[in-house]
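Just so you know, ligand 1 is whichever comes first in the structure, and atom 1 is the first atom listed for that ligand. Numbers for residues simply follow the sequence, beginning at 1.
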Amino acid sequence: MPDNRMHIALFGPPGAGKSTQSKFLLRRWPIVSLSTGKMLREESAAGSELGLKVRDLLGRGELVDDETMIATIRKWLENLPADKGFLLDGFPRTIPQAIALDEMLEELGRPLNGVVNLKLSVSEAVYRLGGRRICYGVGPEEIIHINDEDAVNRCLARGGLLVQRSDDLPNVIVKRLNVHEAETEPLLNYYRPRNIVHSVEASGSQEEVAQRIVEGFEPKASHTPKQ
Ligand code: AMP
């Protein structure tokens with residue numbers, strides 16, 4: 001029987017909209033997802049052992065060590081439902097993480113069959129991250145841009161609080177973009193020979209970007225993925 005489960009890793013520089021796109025894809029496909037960044041921020045806020053260990057690194061825009069990240073993913077993969085695919089948002093981010101992931105997925109017999117590469121210019125990433133605020137209030141948290149007056153007013157009207165991530169401050173933004181370029185971009189060359197990389201322009205509306213991603217996986221008969 002053919003295995004139609006989607007096993008996807010979502011790549012892109014900070015600000016490319018990985019988490020936003022994850023939410024769209026979760027509604028569209030039978031998958032579960034893990035955002036390693038979100039998980040680490042939650043651990044940090046909760047003050048857990050892991051959270052305390054990573055808090056300073058997150059604030060500086062540096063990567064958490066491979067050993068910790070690989071152990072975390074291993075645990076998550078152990079509880080993966082058999083009847084669903086998965087989407088990894090923010091993992092792997094280094095070559096050692098990618099190698100370890102391959103080994104773990106091979107053991108599970110569930111290799112990656114898609115790598116989505118969200119492409120965004122540095123100037124747009126800086127604009128997005130610099131203005132990014134999280135609206136915390138009643139209901140689910142919402143990511144908005146400080147220049148989006150309607151979104152800001154909607155947030156305040158529902159009693160929401162606009163919060164800036166500590167790693168969205170200017171010097172940390174630069175650091176994160178540099179780390180992405182040095183550590184994570186080389187991963188595309190690691191995956192390219194497998195012909196599973198779908199590169200997608202991440203500028204435009206959230207819906208437009210989601211549509212581009214979906215087209216890469218639900219192609220018309222003649223479509224071959226763009227590398
Ligand atoms: P993100 O929300 O994906 O931008 O991640 C926020 C922060 O979490 C990063 O700047 C890193 O400090 C940390 N982080 C997330 N995923 C990883 C990973 N796979 N390896 C190392 N650090 C990570």
Side-chain angles (χ1 to χ4, degrees), residues 7-26 33-77 86-105 112 115-120 122 124-134 136 141-145 163-188 190-191 202 209:
H7 303 143
I8 298 173
L10 196 50
F11 280 10
K18 295 189 293 292
S19 300
T20 304
Q21 292 306 321
S22 295
K23 284 184 200 144
F24 274 100
L25 298 176
L26 272 174
S33 77
L34 175 69
S35 158
T36 45
K38 185 159 190 266
M39 182 273 294
L40 292 169
R41 281 189 294 281
E42 285 169 357
E43 293 285 337
S44 171
S48 69
E49 196 183 331
L50 173 61
L52 294 176
K53 182 169 145 187
V54 302
R55 187 176 285 169
D56 288 349
L57 286 172
L58 295 194
R60 291 199 299 269
E62 290 171 23
L63 292 184
V64 174
D65 66 279
D66 288 335
E67 203 186 326
T68 301
M69 293 311 301
I70 291 164
T72 303
I73 289 289
R74 186 185 300 282
K75 217 157 138 200
W76 187 78
L77 287 174
F86 63 81
L87 183 144
L88 295 171
D89 160 2
F91 188 95
R93 255 174 153 106
T94 64
I95 297 281
Q97 289 182 13
I99 293 171
L101 179 65
D102 275 345
E103 286 167 5
M104 291 186 275
L105 294 180
L112 276 188
V115 169
V116 175
N117 173 33
L118 294 174
K119 296 198 302 182
L120 195 71
V122 169
E124 195 162 348
V126 168
Y127 173 79
R128 286 189 184 182
L129 293 170
R132 179 162 70 179
R133 299 292 183 274
I134 321 289
Y136 289 107
E141 66 176 53
E142 197 190 344
I143 300 169
I144 63 179
H145 196 279
V163 178
Q164 185 169 29
R165 267 171 57 169
S166 62
D167 58 354
D168 279 346
L169 297 172
N171 55 334
V172 189
I173 290 174
V174 173
K175 173 78 185 172
R176 290 165 65 209
L177 289 168
N178 288 340
V179 167
H180 175 78
E181 193 184 334
E183 304 279 350
T184 308
E185 267 184 20
L187 283 182
L188 291 173
Y190 176 84
Y191 287 116
V209 180

For [X], atoms of ligand 1 separated by under 4.0 Å from a heavy atom:
| X | result |
| --- | --- |
| Arg41 | 2 (O), 6 (C) |
| Met69 | 17 (C), 18 (C), 19 (N), 20 (N), 21 (C) |
| Arg176 | 4 (O) |
| Glu62 | 11 (C), 12 (O) |

May I ask you to check whether over 12 heavy atoms, not counting those of Glu67, lie within 6.0 Å of atom CD? no
Identify the protein heavy atom lying closest to atom 7 (C) of ligand 1, giving its residue, its atom name and the separation to 0.1 Å. Leu58 CD2, 3.7 Å
Report the nearest protein non-hydrogen atom to atom 22 (N) of ligand 1: residue, atom name, distance rounded to 0.1 Å. Val64 N, 3.0 Å
Side chains of Glu43 and Ser48, donor plus acceptor under 3.5 Å: yes
Quick one: does [X] get an N or O within less than 3.5 Å of an N or O on ligand 1?
| X | result |
| --- | --- |
| Thr36 | yes |
| Gly90 | yes |
| Leu40 | no |

With sequence neighbours excluded, what pairs up with Tyr127 under the ring pair (Phe, Tyr, Trp, His ring centres under 6.0 Å) test? His145
State which residues pass ring pair (Phe, Tyr, Trp, His ring centres under 6.0 Å) with Phe86; sequence neighbours excluded, sorted by chain then number. His7
Check whether any side-chain heavy atom of Arg132 lies under 4.5 Å from a side-chain heavy atom of Ile143, and answer yes or no. yes
Check for a donor-acceptor pair, side chain of Arg55 on one end and backbone N or O of Ser44 on the other, with a separation under 3.5 Å. yes
Working for side chain to side chain contact (heavy atoms under 4.5 Å, CB included), residues Ser22 and Leu10: CA-CA 8 Å; Ser22 295; Leu10 196 50; 3.5 Å; yes
Option nearest atom 1 (P) of ligand 1 (shortest heavy-atom distance, choices Lys18, Lys175, Arg93, Gln97): Arg93
